Protein chains: 2
Amino acid sequence: MTVYNFAAGPATLPDPVIQHIQEELPSLQGSGMSILEISHRSQMFDDIINTAKQDIKDLMHVPDNYHILFFQGGGTGQFAAVPLNLATNHHKIALLDSGHWASRAGDEAANLGVDVDVLASTKEQHYTELPKMPHPISSADYDYLHITTNNTIEGTAYHTLPEHGDVTLVGDLSSNFMAEEYNVQDFGLIFGGVQKNLGPAGVTIVIVRDDLVKHVDHVPTILDYEKFVKKNSMFNTPPVFAIYATGLVLKWLKDQGGIAGIEAINRKKSSLLYDFLDNSELFNNNIKKSDRSLTNVPFKTPDPELDKQVIQAADEAGLKNLKGHRSVGGMRASLYNAMPLEGVAALVDFLSDFEKQH
Amino acid sequence: MTVYNFAAGPATLPDPVIQHIQEELPSLQGSGMSILEISHRSQMFDDIINTAKQDIKDLMHVPDNYHILFFQGGGTGQFAAVPLNLATNHHKIALLDSGHWASRAGDEAANLGVDVDVLASTKEQHYTELPKMPHPISSADYDYLHITTNNTIEGTAYHTLPEHGDVTLVGDLSSNFMAEEYNVQDFGLIFGGVQKNLGPAGVTIVIVRDDLVKHVDHVPTILDYEKFVKKNSMFNTPPVFAIYATGLVLKWLKDQGGIAGIEAINRKKSSLLYDFLDNSELFNNNIKKSDRSLTNVPFKTPDPELDKQVIQAADEAGLKNLKGHRSVGGMRASLYNAMPLEGVAALVDFLSDFEKQH
């Protein structure tokens, strides 16, 4: 039975990448040493990390005045790193509360003593649409504006960025990182864990504009942008394997036609599912159409007990991890870069059959 | 040619572990999903992380009033986490400066605003021996005493812990973690990256006594012990693969007779090399004998140019990564848990032949 993994992250990876890793696991480049054993100070790893950086630069058209960094600690780590490094002038940031993870980013900034101004929230609408900017904002008031470009749990995404005036825009791209095209120059800083679209859990990519990188007192070294820039992300031992595996996914992404290529496939995948849901009399996705995510599609039947049956029967049919987040309930299909169109077609066939039987 | 990797970390892993990972990489436990793809909220991963915890508990005889946690960020992360979570009363800690990494731990605590009292240092002796406690200390003055049990760069280790009165002892065990027996109860907190003795880079084990875990304001979540205790190290996405691979090494370690078993082998390995060095007329290890490390053995010829030849010729003979740290020069052989006795025997044979020819 072919298994399709719809998990929200860590998530499915391209088969050729898994195969590549498996084949060279005992001996990297004929060295007699595994990627799990090589020193991060070796020439082999230097090539791996620098190639990964170059491939990110190529794929996202990262301008020369941006640094590409690799951290540990995921999005949660960056929820701390960003305010610690960037909220140094006003100690005040703006936030659009588009869902669980946007809210968590605000909580962490507040936990670190930063003043968080929630400009707008769609919490009362259960985050079924994106919050809109209520008024223009200015860098005279805020160190930056934080947005979550794709809301993993709620299934919304900014396909057009909010107007942010001259305020530095910080984007948490975790769940649509390189799944959809964004213009890096629109942001002062981008971050995202790789474990959804780009690799296994264990490494976080940060892309930050040069003028935002400066010395700040009392920042823990593992969250310090300036130290990571100076040491090419190797102030301390980096997560060697996770960077290597991500590098292989980046090569695969280039083979798919880069981000434009994969976005076209991702649109096809999500349209296939949304079209089915919009025409279904049993299943429903209640997200405002213009705000729908390409990568995370939540849906429900009218009956939570029936949802459980769907999840169970899908699991038995090899369609794994469709359970929705506990805060939303129902089902959620995550259609990240490595989910093939065939997987979504199999899901739609399954749901269609299920509907006929119920 | 058999390759032996003497790197200081990331370092060699047991062959059966690499083989195991390779075999089940495409499908973990017949799930059709790779360990690189499974959710950290899955039953499979729950079993993996809890089994790893239990194996650590068994191997180190961890008492019930200690928590076993998995972090990202390595020793450098813990250099921040420990003072942020523990230096909350006096905001003052004591430190024995036994080498580069002890000194770095002190620097990071100071960077975070903690007062660091270096009780003793052997810097003037180029760290060729361990510093001694100059006077008794009291918990009325210090939040804790920080020691580095094994000094990776300099090649020394505390085989007997320093007298620390009623002051909480914090041990950075990174480079002899489970390579040598320590009594967990002697410490309030132990930490170490796994990438030397226990696994691939990407996960850090923390063992902390219950009474030291409490709420502290303004601690970044990814360094917050209380939050990690509450969420079984899964407040956010953990480094799934690194924990899995470490779990396999822990099982292997049990097969070696646990820590007592591996320590006996490690003593045999290091004695073989030290005996050769002590009888050599060309090579020399200048560390005080009672303070010598079991896991890191620095050595030199009288001539830096000859050292380069040794490193080059060894590399060609399959004895890899023998270059000493730049601050010490010469050679360094790291003999972590997974380095087989045969590897050390091959090194001694090589050095012996080299000496005869020079």
Side-chain angles (χ1 to χ4, degrees), chain A residues 1-3 5 7-13 15 18-19 21-22 25-26 31-42 72-77 79-81 84 108 111-113 193 195 199-203 217-223 235-242 245 318 320-321, chain B residues 1-3 5 7-13 15 18-19 21-22 25-27 31-40 42 72-77 79-81 84 108 111-113 193 195 199-203 217-223 235-242 245 318 320-321:
Chain A
M1 183 173 68
T2 306
V3 164
N5 176 12
T12 193
L13 290 171
D15 285 340
I18 303 273
Q19 208 177 323
I21 295 171
Q22 188 185 28
L25 197 75
S31 66
M33 291 177 281
S34 171
I35 180 65
L36 305 175
E37 303 176 304
I38 65 161
S39 171
H40 59 295
R41 305 287 179 207
S42 63
Q72 295 182 67
T76 301
F79 291 169
L84 287 171
E108 182 73 349
N111 172 42
L112 297 168
Q195 71 271 12
V203 65
D217 284 337
H218 307 312
V219 177
T221 294
I222 59 151
L223 300 173
F235 188 91
N236 68 332
T237 311
V240 172
F241 176 78
K320 301 286 180 185
N321 299 314
Chain B
M1 183 173 68
T2 306
V3 164
N5 176 13
T12 192
L13 290 172
D15 286 338
I18 303 274
Q19 210 177 320
I21 296 171
Q22 188 185 27
L25 198 75
S27 178
S31 65
M33 294 177 279
S34 171
I35 179 66
L36 304 175
E37 303 176 304
I38 65 161
S39 170
H40 59 295
S42 64
Q72 295 183 68
T76 301
F79 291 170
L84 287 172
E108 181 73 350
N111 172 43
L112 297 168
Q195 71 272 14
V203 64
D217 284 336
H218 306 314
V219 176
T221 294
I222 58 150
L223 299 174
F235 189 92
N236 67 332
T237 312
V240 172
F241 176 77
K320 300 288 180 185
N321 298 314

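Letters A, B, ... are given to chains in the order of the sequence lines, protein chains preceding strands, and every chain is numbered from 1. Note that the coordinates shown come from a computational prediction; the quantities given were computed from them, not determined experimentally.
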Of all residues at least two apart in sequence or in a different chain, which pass the side chain to side chain donor-acceptor pair (under 3.5 Å) check with B/Thr221?
A/Glu108, B/Lys227
Under the rule for side-chain contact (heavy atoms from CB on, under 4.5 Å), what residues qualify as partners of B/Ala81, not counting sequence neighbours?
B/Gln78, B/Asn85, B/Leu223, B/Tyr225
Top contributor to chain B contacts, counting heavy-atom pairs under 4.5 Å, from A/Pro239, A/Ala11, A/Ala201, A/Ala7:
A/Ala11
With side chains defined as the heavy atoms from C-beta onward, is the minimum distance between B/Pro26 and A/Gln19 less than 4.5 Å?
no
Quick one: what part of A/Ser31 sits under 4.5 Å from any heavy atom of chain B, side chain, backbone, both or neither?
backbone
Interface residue of largest heavy-atom contact number with chain B, from A/Gln195, A/Arg41, A/Lys320, A/Gln22, under 4.5 Å:
A/Gln22
For B/Ser27, is it the side chain, the backbone, both, or neither that has a heavy atom closer than 4.5 Å to a heavy atom of chain A?
neither
If I take atom CG from residue B/Asn236 and atom CD from residue B/Gln72, how far apart are they, to the nearest 0.5 angstrom?
6.5 Å
Part of B/Phe235 within contact of chain A (heavy atom distance under 4.5 Å)
both
Okay, side chain of A/Asn5, backbone of B/Glu37: is any donor-acceptor separation there less than 3.5 Å?
yes
Pick from A/Ile35, A/Asn321, A/Val3, A/Leu13: which one has the most heavy-atom pairs with chain B under 4.5 Å?
A/Leu13
Could you tell me which of B/Gly318, B/Ala80, B/Pro200, B/Pro220 has the largest number of non-hydrogen atom pairs under 4.5 Å with chain A?
B/Pro220
Heavy-atom contact with chain A under 4.5 Å, split by part of B/Thr237:
side chain
Which heavy atom in B/Pro10 sits nearest to a heavy atom in A/His40, and how many Å separate them?
CD-ND1, 3.3 Å
Measure A/Ser34 against the heavy atoms of chain B and call it side chain, backbone, both or neither at under 4.5 Å.
side chain
Winner by heavy-atom pair count (cut-off under 4.5 Å) against chain B, out of A/Leu84, A/Asp217, A/Val240, A/Leu36
A/Leu36
Counting heavy-atom pairs under 4.5 Å with chain B, which one of A/Val219, A/Ile38, A/Asn111 comes out on top?
A/Asn111
